[in-house]
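Residue numbers begin at 1 in each chain, while the letters A, B, ... track the order of the sequences. Note that the structure is a prediction, hence the values are computed from the model and not measured.
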Amino acid sequence: MFLKAKKEIAKIISRASGLTEEEAFSSLEMPKGEFGDLACKAAFLLAPWQKKNPAQIAAELVPKLKGHKWVEKVEPAGPYMNFFFNDKFYASALKEVLKTGKSYGKGKKKGKVMVEFPSVNPNKPWHAGHLRNAIIGDSVARVLAHAGWEVESIDYIDDLGLQVAQSLWGYMHLGNKPSGKFDHWLGMQYVEVAKRMETDQKLQAETREMLKKMEEGNNEISKKARWIAEECVKAQYQTDFSYSIFHDGMIFESDIMHTIFHEGIEMLKSSNAIILEKEGKNAGCWVVKLGGKFQNMQDPDKILIRSDGTATYTGKDVIFQLWKLGKLKGKFKYKPFIMQPNGKEAFATGGNIPKPFGKADMVVNVIGSEQIYPQEVIREVLLHLGFDKEAKSYMHLAYEHVALPDEKFSGRAGTWKGYTADELLAESVRRAKEKISKEVPENEKDGIARAVGEGAIRYSFVRTTPEKKLIFKWEEALSLEGNSGPYLQYAYVRARKIMEKAEDKPSVSAKYSFQPEERKLIRELCVFVELVERSASAFRPHMLADYSYMLADMFSKFYTLCPVLKAEEGLRKTRLGIVKAFEIVLGNSLCILGMAIPEKM
RNA sequence: GGGCCCGUAGCGCAGCCUGGAUAGCGCGGCAGCCUUCUAAGCUGUAGGUCACGGGUUCAAAUCCCGUCGGGCCCGCCA
């Protein structure tokens, strides 16, 4: 609706000014203050070749811009030309939202995208840093889906890492019985083993030996390691679910090794993408010669296959990414792994069921910004292989890590203790519960506190741009007031309450005269459509967090100034329409942000 | 040696891609608003050399170059 209005007005401007429709369209913006609904700055563009000052051009152009069915008036304001929409426009915009409902803002059908996150080692609980990754990843997956993409959310599980070997050693030899949540318990074993390994050479040798067995597969150690990894992932996924984070599939490293690895290696070797070094320090290794911005590096050669024939981490990753992009013939077989609260089963590799995972048109990897370089290497390899299109749709969503005020999170040192995702949620829920009014019956409090506590954390983690480092502070992460998750939930709950109390249905009157607060709110509802598209194509869900806040803010202002249920008959039904439309749009937005909505607050 | 990210009010952030009207918001401060659809709310107020220096432009927080401060990366580790 808004977009349509914008396009039609651009046409009018184009005809009146001689600018192309594209130029006219991009000269239109939504002004901040009370400058109308649409501001046109085309006069700036016209000034150089008309050799007049922009204000004069605007004044002359304005009379020629009238006559659109949705435009009440056009006013020159210095060099700007401001369009004010009429009530008819606002009524139509409202009706559109009411009619479209849950599909409002939904984009046209696009291709298939695989989003990978958070790929945490399966030997410890998630801490605040992993949580940021997962919340960003889940939100990006949701916004891409709303924008029209077919989304597969996948998780890479490195069950062949040293960390798992160390944890397994702890499981077998430390003599502690598993108790409590398995990932927490296993994480503690890992910290203990890591500490001992610093000085214990025998232990070092033993874990190395275990790692070798794990890689070979088909033995007691490898089976135990896989079991431990799966148990840990199941525990980690309880955390996943408690934050409404969901996946479609889990790809285990051990399955990559015996399913697509050799094919991948052969593909690389037989291409011109990587070359076998005959001499020098990399003799015997297959390397990729880096170009572009890597050219001036001290060593612009990146080894993918070592001289002993094994692949480096980046080498393995290249193969995995090739699989995602549908470049390998090998297929994984899956097994049902865990039933998720959203009603969808999550599958893991290592079973005997085929699934259509992979073959994506676009890949989005949510990985820390410290891996920008290896991720660029992968893109470079794709280019060397001649996969230009794929290289362009290979996206690294780089995010900065979460740190504590005085130290980093370290899995090995155990600085995550006290800051696990589970502990954050428990504390957040506790604080939320304290705040619930005494009038709410005791048996309803837990459900409300859960939704609010979860929403507070999701919002606080998603609202900042990913490239900004996050210093974890309880007061900020768990904020329940102001620009916070609960503020959005509160606005939504208020709107829903009005709809519940109203006995009549909303119905937008053609004769309604919209108040300034109402116009502002409806205008903001219109923005949602374009915003979903922009947020998705930039892989920046924080834009929707920001938007939701502004939307809720405008509703709060409307709420205090415009009574709905007590409004006179002529106003009431249309205002109910405004409330309902707000409920729909904020609801859609909160859904994309993965935020739970409490029954009441 | 090279590369990437961050620097906006006391604190935490948005705006930068696509340059334009008084640089927005929250917390904290100060002053108000609950017999009125839920005060997890609303209103008002104070608080800013947009790190610094150049450049481009009619116009720069936004684009370009440089400097400084903070973080990260460049391994036959993962």
*asked:* What's the gap between B:G48 and B:C25 when it is taken at their P atoms, as a whole Å value?
replied: 15 Å
*Earlier contact from the 5' end, RNA chain B, for A:Ala77 and A:Thr464*: A:Thr464
*For the pair made of NZ in A:Lys316 and P in B:A78, what is the distance, rounded to whole Å?*
6 Å
*asked:* With hydrogens left out and only the distance checked, is there a donor-acceptor pair under 3.5 Å joining A:Asp317's side chain and the base of B:A78?
replied: no
*Considering just the side-chain nitrogens and oxygens of A:Lys408, establish if one lies under 4.0 Å of OP1 or OP2 belonging to B:C72.*
yes
_Considering every strand and a 4.0 Å limit on heavy-atom distances, what is the contact class for A:Ala283: base, sugar-phosphate, or nothing?_
base
*For A:Arg575 and B:C37, is the shortest distance between a side-chain N/O and OP1 or OP2 below 4.0 Å?*
no
_Spacing of A:Met30 atom CE relative to B:G20 atom P, expressed in whole Å_ = 16 Å
*Using atom CG of A:Leu304 as one end and atom C1' of B:G75 as the other, report the distance to the nearest whole Å.*
13 Å
_Derivation of the side chain to side chain donor-acceptor pair (under 3.5 Å) call for A:Tyr459 and A:Asn483_ = CA-CA 9 Å; A:Tyr459 183 81; A:Asn483 190 346; 2.5 Å; yes
*Given atom OH of A:Tyr459 and atom C1' of B:A40, what is their separation to the nearest angstrom?*
14 Å
_For a quick check, tell me whether the side chain of A:Ser369 and the base of B:C72 share a donor-acceptor pair closer than 3.5 Å._
no
*Between B:A40 and A:Tyr490, is there an OP1 or OP2 to side-chain N/O distance shorter than 4.0 Å?*
yes
*Should A:His396 be listed as having a side-chain N or O under 4.0 Å from OP1 or OP2 of B:C73?*
no
*Between A:Lys501 and A:Ile448, name the one whose nearest nucleotide on RNA chain B is closer to the 5' end.*
A:Lys501
*Distance below 4.0 Å between A:Arg540 side-chain N/O and B:C17 OP1 or OP2*: no
